There are 2 protein chains.
Amino acid sequence: MRPPKVEEQQLLEGLMGVLRSKGYDGASLNDLANSSGLKKASLYHRFPGGKKEIAAAVLQYVGEWINTHIKQILLDQNISPAERLTQVIENINVLYDRGNEVCIIRALSMDTGITLFAERLQQGTTQWIESFKSLGLGMGLSEAEAQKKALQVIINVQGGLVVSKAMGNNAPFEHALKGILEMYQLKKV
Amino acid sequence: MRPPKVEEQQLLEGLMGVLRSKGYDGASLNDLANSSGLKKASLYHRFPGGKKEIAAAVLQYVGEWINTHIKQILLDQNISPAERLTQVIENINVLYDRGNEVCIIRALSMDTGITLFAERLQQGTTQWIESFKSLGLGMGLSEAEAQKKALQVIINVQGGLVVSKAMGNNAPFEHALKGILEMYQLKKV
DNA sequence: GTCTATAGCTAGATAGAC
DNA sequence: GTCTATCTAGCTATAGAC
C-alpha cells in the first residue's frame, strides 16, 4: 500500500476550490488535477467515476462541514439561541470567505449539475432551512414564523453571495448577514 | 441583401434561453445554434466574435428589457409609487418565469463569464439597485433607508431564484417577492 | 444569409510502465 | 499510487459552395 501523495482532505479542498470558482462545466479535469498537484490519471485512480464522482465527493465533504459547523451548533441546547446564532453567522462568514467565495450549491446548480445532483442539492438546502427553523422554535417563535425566518436566512445568504459576486465587492454579503441578525432581533455582530 | 432566416429578437430569445440554463461554459455553439434553427456557421455570420459576442448581445438585449420594464417604470412620476412597485414585481415575475428561470447575471457570473463581462454585470446590478433606490426616495424614505431597501430587493430576487432552483420548486422565489412588497409596506399582490 | 465540410484543438477517459 | 502516452469525441472556429 503506497501512501498517497496528497491527503484526502487537502485534495478535496483543492477540488472544491476549482468547482466553486469555475462551476461543473467550466472545471476541466486538468484544472482539477492542477489544483492538487496530482496528474489527471492519478485523479482517476482516486475517483474512478471521473468528474461526476469528484463533484459528489466535494458535495459530501461540504455537507459534513455544514453539519458540524452550522446544523449541530444551531441544535445545541447547551448554548443560548442568541449565542448559537452569532457562532453560526461567523462560521458562514468562514465558509464563504466573507463573501468572496461562491456557494458550491450555486456552482453546481446550472443545467449539468442539476441533472446530476438535484436530490443532493435539495437535501442540502432543506437541511439548512430546517436547522434555522429549529433555532427559531428555540427562541419561542411560532411554527410559521420560524419557517418563514429560516427561509429568509438562506435567501439572504445566497442572494448576498450572488450580488457580491456580480458587484465585485462583498458589502452586499455583509449587509445580508447583518439583516439575518436583525431579523432575529440581535443588532450587534 | 438576403433576408435573415430568423429575426434578431427571436434569435436572441433562443440564445438567452440556452445561456440561462446551461451557463457560459456549459453552452456549446451547437446548443446555441440548435436553439434557433440556424447552423453553427450561420451563427458566426451573425456574431463573428463567436460565443463571447453572443453572450454580450444577450446581455445587451436583457439590459434593454430591464430598462424598459423595470427602470423606467420605477422612475415614472406619473404613477404612484405603490402602483409602480406592483407593476414592476409583476414584470420581475415575467422575466424569471415566476421563479423557474435563472437570472442571466448569475448564469454568467462564474469564472469565465466574470472574466469576460465583469463590468457589464456590475453595471446591470448597480442600475437595478439605483432604480429601486429612486422608488424608495419617491416614497419619502431617507437616503440611507432607500439604499438599504433597494439592496435588499435584489438580494431577495437573486436569493429567491437560487433557492428555488436548488429546491426544484418556486415557493422560495414567491416568498422572496412577497417579502419585497412587505418591506415597502404593501401587503397585497 | 445559410449551408456542408473540415481544420485544429482540448475535453474526458484509459492503458500500461514504474 | 503516480506517472507518460494515447484514444476518441466534442469543442471553437473557418473555408468555400450555393
Side-chain angles (χ1 to χ4, degrees), chain A residues 1-59 61 107-108 110-117, chain B residues 1-59 61 107-108 110-117:
Chain A
M1 287 294 225
R2 184 167 163 186
K5 182 177 170 186
V6 181
E7 291 303 329
E8 182 81 358
Q9 176 164 343
Q10 177 186 352
L11 181 55
L12 286 170
E13 288 280 349
L15 297 170
M16 176 173 64
V18 174
L19 283 174
R20 294 219 286 193
S21 70
K22 302 204 169 197
Y24 190 85
D25 292 306
S28 76
L29 285 173
N30 272 321
D31 293 332
L32 292 165
N34 291 338
S35 79
S36 60
L38 287 180
K39 296 297 180 185
K40 242 192 311 189
S42 307
L43 263 192
Y44 274 97
H45 178 79
R46 301 280 196 103
F47 305 97
K51 205 204 279 195
K52 181 176 167 177
E53 186 176 338
I54 290 172
V58 166
L59 275 176
Y61 176 70
L108 297 181
M110 295 306 287
D111 210 27
T112 314
I114 283 279
T115 304
L116 296 174
F117 306 113
Chain B
M1 289 293 224
R2 184 168 163 187
K5 182 178 169 185
V6 181
E7 292 302 329
E8 183 79 0
Q9 176 164 342
Q10 178 186 350
L11 180 56
L12 287 170
E13 288 280 350
L15 297 170
M16 176 173 64
V18 175
L19 284 174
R20 293 218 286 194
S21 69
K22 302 204 169 198
Y24 190 85
D25 292 305
S28 76
L29 285 173
N30 271 322
D31 293 332
L32 292 164
N34 290 340
S35 78
S36 61
L38 287 179
K39 296 297 181 184
K40 244 190 312 188
S42 308
L43 261 192
Y44 274 99
H45 178 79
R46 302 280 196 103
F47 306 97
K51 205 203 282 196
K52 181 176 168 177
E53 186 176 338
I54 290 172
V58 167
L59 274 177
Y61 176 71
L108 297 181
M110 295 307 287
D111 209 27
T112 314
I114 283 278
T115 303
L116 296 174
F117 306 114

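Letters A, B, ... mirror the listed sequences (proteins, then strands); counts begin at 1. From a predicted model like this one, the values you see are computed outputs, not experimental measurements.
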Colleague: Does a side-chain N or O of B:Lys39 approach OP1 or OP2 of C:dC3 to a distance below 4.0 Å, or not?
Modeller: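 No.
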Colleague: Give the rounded distance in Å between these two atoms: CZ of A:Arg46 and P of C:dA13.
Modeller: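 Answer to the nearest Å: 18 Å.
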Colleague: OP1 or OP2 of D:dT2 sitting under 4.0 Å from any side-chain N/O of A:His45?
Modeller: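 So the side-chain polar atoms of A:His45 never come under 4.0 Å of the phosphate oxygens OP1 or OP2 of D:dT2.
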Colleague: Counting heavy atoms from C-beta on, name the nucleotide in D:dC3, D:dA13, C:dC3 closest to the side chain of A:Ser42.
Modeller: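 Out of D:dC3, D:dA13, C:dC3, the nucleotide with an atom closest to A:Ser42's side chain is D:dC3.
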Colleague: Given D:dT12, C:dG12, C:dG1, which nucleotide is nearest the side-chain atoms of A:Lys40?
Modeller: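 Side chain of A:Lys40 sits closest to C:dG12.
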Colleague: In whole Å, what is the span from the CD atom of A:Glu53 to the P atom of C:dA13?
Modeller: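 After rounding, the reported distance stands at 11 Å.
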Colleague: Using atom CG of B:Leu43 as one end and atom P of C:dT4 as the other, report the distance to the nearest whole Å.
Modeller: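 Going from B:Leu43 (CG) to C:dT4 (P), I get 14 Å.
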Colleague: Test your reading of the model: is there a side-chain donor-acceptor pair from B:Tyr24 to the backbone of A:Gly26, 3.5 Å cut-off?
Modeller: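 No, the answer is negative, given that no donor and acceptor are paired below the 3.5 Å cut-off.
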Colleague: Using a 4.0 Å heavy-atom cut-off, does B:Ala33 contact any base of the nucleic acid, only the sugar-phosphate backbone, or nothing at all?
Modeller: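 Touches nothing.
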Colleague: Grab the CG-P distance between B:Leu29 and C:dT10 for me, whole Å please.
Modeller: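 In whole Å, C:dT10 P and B:Leu29 CG are 16 Å from each other.
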Colleague: Keeping the roles fixed (side chain from B:Asp31, backbone from B:Ala27), state whether a donor-acceptor pair exists under 3.5 Å.
Modeller: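 Such a contact is absent between B:Asp31 side chain and B:Ala27 backbone.
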Colleague: Can you see whether A:Asp25 engages A:Thr112 through a side-chain donor-acceptor pair at a distance of less than 3.5 angstrom?
Modeller: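 A pair is found: one side chain offers a donor N or O, the other an acceptor, under 3.5 Å apart.
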Colleague: Nearest whole angstrom, please: distance from the C1' of D:dG10 to the CG of B:Leu32.
Modeller: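 Atom CG in B:Leu32 sits about 15 Å away from atom C1' in D:dG10.
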Colleague: Taking only the side-chain heavy atoms of A:Ala41 (C-beta and beyond), determine which of C:dC3, C:dT14, D:dA13 contains the nearest atom.
Modeller: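 For the A:Ala41 side chain, the nearest candidate turns out to be C:dT14.
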Colleague: Assess, by modelled atom type and distance only, whether the side chains of A:Glu8 and A:Tyr61 contain a donor and an acceptor separated by less than 3.5 Å.
Modeller: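 No, A:Tyr61 and A:Glu8 have no side-chain donor paired with an acceptor closer than 3.5 Å.
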Colleague: How long is the line joining CG of B:Asp25 and P of D:dG10, in whole Å?
Modeller: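 Taking atom P of D:dG10 as the reference, CG of B:Asp25 is at 18 Å.
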Colleague: Is the distance from OP1 or OP2 of C:dA11 to the nearest side-chain N or O of A:Asn30 less than 4.0 Å?
Modeller: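 Answer is yes, contact under 4.0 Å.
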Colleague: With the side chain of A:Tyr44 defined as its heavy atoms from C-beta on, choose the nearest nucleotide among C:dA11, C:dA13, D:dT12.
Modeller: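 When the side chain of A:Tyr44 is considered, C:dA13 is the closest of C:dA11, C:dA13, D:dT12.
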Colleague: Between D:dA13 atom P and B:Phe47 atom CZ, what is the distance in whole Å?
Modeller: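 B:Phe47 atom CZ is separated from D:dA13 atom P by 14 Å.
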Colleague: Round to a whole Å and report the spacing from NZ of A:Lys51 to P of C:dT14.
Modeller: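 Atom NZ in A:Lys51 sits about 15 Å away from atom P in C:dT14.
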Colleague: Look only at the side chain of B:Thr115 and the backbone of B:Asp111, and say whether a donor-acceptor pair between them is shorter than 3.5 Å.
Modeller: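 Yes: the side chain of B:Thr115 pairs with the backbone of B:Asp111.
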Colleague: If you pin A:Pro48 and A:Asp31 to their nearest nucleotides in DNA chain C, which one's is more 5'?
Modeller: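 Final value for this comparison: A:Asp31.
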